[in-house]
Amino acid sequence: MTHKKGYPLWEVFIRSNRGIDHKHAGSLRAADAEMALQNARDLYTRRSEGVSIWVVPSNQIVASDPDDKETLFDPAEDKVYRHPTFYSLPDELEHM
Amino acid sequence: MTVTENSPTLSENEVKFEELLAMGAKIEPRDWMPDDYRKTLIRQIGQHAHSEIIGMQPEGNWITRAPSLKRKAILMSKVQDEAGHGLYLYSAAETLGADRTDMLEKLNNGKMKYSSIFNYPTPCWADMGAIGWLVDGAAICNQVPLCRTSYGPYARAMVRICKEESFHQRQGYEIMLTLSNGSAKQKQMAQDALNRWWWPAIMMFGPRDDQSPNSELSLKWKIKLFSNDELRQKFVDIAVPQANILGLTIPDKDLSWNEKTGHYTYGEPDWEEFFEVIRGNGPCNKERVSNRREAHENGQWVRDAAIAYAKKHAEAALSKAA
């Protein structure tokens with residue numbers, strides 16, 4: 001996991017406030033998890049941008065291939081009935 | 001297959017890439033991209049990162065001599081931001097397959113460049129004001145459009161950077177304002193700093209459009225959204241009224257308001273000086289790079305120790321689990 005000449009790469013996720021999901025903020029290099037957390041604090045929350053930080057080794061992230069976009073996502077495209085606007089209901093029906 | 005219908009010379013990948021650009025969509029790290037797009041971005045983002053890191057030196061020079069505790073704390077914050085900006089940008093370059101250690105080696109051995117502005121000296125406290133106002137001001141003119149550049153990770157890094165740069169410019173302008181409203185001697189300090197930094201700031205936008213060979217492709221790929229001269233004009237139009245508020249005089253005898261164009265006309269900088277600084281012969285080129293190299297070499301034992309510590313603890317955790 002150690003980078004050939006330096007520290008390994010980490011991805012940083014920040015929760016900006018209670019009630020909000022952690023969101024990808026960027027990446028950084030650090031020798032271990034503890035240093036990654038401290039560096040993330042210094043790098044991504046210098047102006048109180050966060051109340052919680054996750055760091056994940058970048059090589060632990062499994063990503064979909066952009067070339068698989070069609071096979072992965074197209075099956076959802078012809079299922080318009082999954083959206084509420086698909087259904088025609090009488091105008092006098094309120095609150096639905 | 002629609003490839004042949006669009007153009008017989010473009011591959012399917014190229015067509016997809018061009019379509020994304022035409023739609024104004026961002027290119028993301030794992031998308032196919034032309035080799036030259038990748039190379040141009042690595043060069044530009046790398047130079048930008050290096051500029052932030054080298055840019056810590058002219059101001060770091062004044063941290064111990066700032067005139068008050070408040071100014072010292074502010075200056076430290078600003079220099080820390082610059083380190084942060086460098087790190088955001090190295091991360092963005094790494095998403096293109098560049099290696100951070102290699103990039104730093106190339107900075108240390110002079111194979112990669114950084115902005116020529118940081119090769120000028122800062123002999124006076126007023127230079128802190130002029131740098132924030134003019135150098136960061138020019139950087140903002142360059143960087144705000146880069147928030148919409150076509151490569152996603154670069155654009156996102158620029159959004160973060162631009163949010164922080166506005167503090168930098170305002171603190172610099174406030175230093176100039178304080179000096180300009182001070183004693184005659186203090187006002188003269190501010191004027192001298194403006195005289196020192198005006199032309200280097202004008203040259204930050206790079207060569208004139210007719211002398212800028214890389215620009216055309218960068219514009220086509222939406223890496224750059226405005227030409228060097230367009231951005232330079234924007235900067236001059238913004239900076240002149242700011243100088244007037246300070247009661248200082250911009251050292252350009254050709255500067256005048258053009259009623260017809262609605263822009264200021266400005267004089268020609270000394271391009272010979274510009275190219276000399278780029279060739280490595282500016283007042284501080286050698287000092288900046290040797291400081292950088294020294295800091296890197298002196299930090300080697302810290303990096304080695306951190307890696308050894310991480311390795312030891314990872315092994316201990318493994319044997320505990322076994």
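Just so we're on the same page: letters track the sequence lines, and every chain starts at 1.
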Can any side-chain N or O of [X] pair as donor or acceptor with the backbone N or O of [Y] at less than 3.5 Å?
X	Y	result
B:S91	A:S27	yes
B:R30	A:S64	yes
B:Y88	A:L43	yes

- [ ] Please flag which part of A:A25 lies under 4.5 Å from any non-hydrogen atom of chain B: side chain, backbone, both or neither.
- [x] both
Task: Heavy-atom contact with chain B under 4.5 Å, split by part of A:A33 - done: neither
Task: Residues of residues 84-96 of chain A near chain B, each having a heavy atom less than 4.5 Å away - done: none
Task: Straight-line distance of A:M35 CE to B:Y309 OH, nearest 0.5 Å - done: 10.0 Å
Task: Residues of residues 49-61 of chain B near chain A, each having a heavy atom less than 4.5 Å away - done: none
Open item on the list: Applying salt bridge (charged side-chain N to carboxylate O under 4.0 Å, His left out) as the test, list every pair that has at least one member in residues 143-166 of chain B; sequence neighbours left out.
Closed with: A:R46-B:E164, A:R47-B:E164, B:E28-B:R156
TODO: Mind listing the closest non-hydrogen atom pair of A:Y7 and B:V302 along with its distance?
DONE: OH-O, 4.2 Å
Task: Residue pair B:A310 / A:A31: nearest heavy atoms and the distance that separates them - done: CB-O, 3.3 Å
Open item on the list: For the CH2 atom on B:W32, are there more than 12 heavy atoms of other groups (residues, nucleotides or ligands in this structure) within a distance under 6.0 Å?
Closed with: yes
Task: Region of B:D304 that comes under 4.5 Å of a non-hydrogen atom in chain A - done: neither
Task: Qualifying residues under ring-ring contact (aromatic ring centres under 6.0 Å, His included), relative to B:H168, sequence neighbours excluded - done: B:H85
- [ ] Go through A:D32 and B:H313 one step at a time and tell me if the side-chain contact (heavy atoms from CB on, under 4.5 Å) criterion holds.
- [x] CA-CA 9 Å; A:D32 57 24; B:H313 283 259; over 6 Å; no
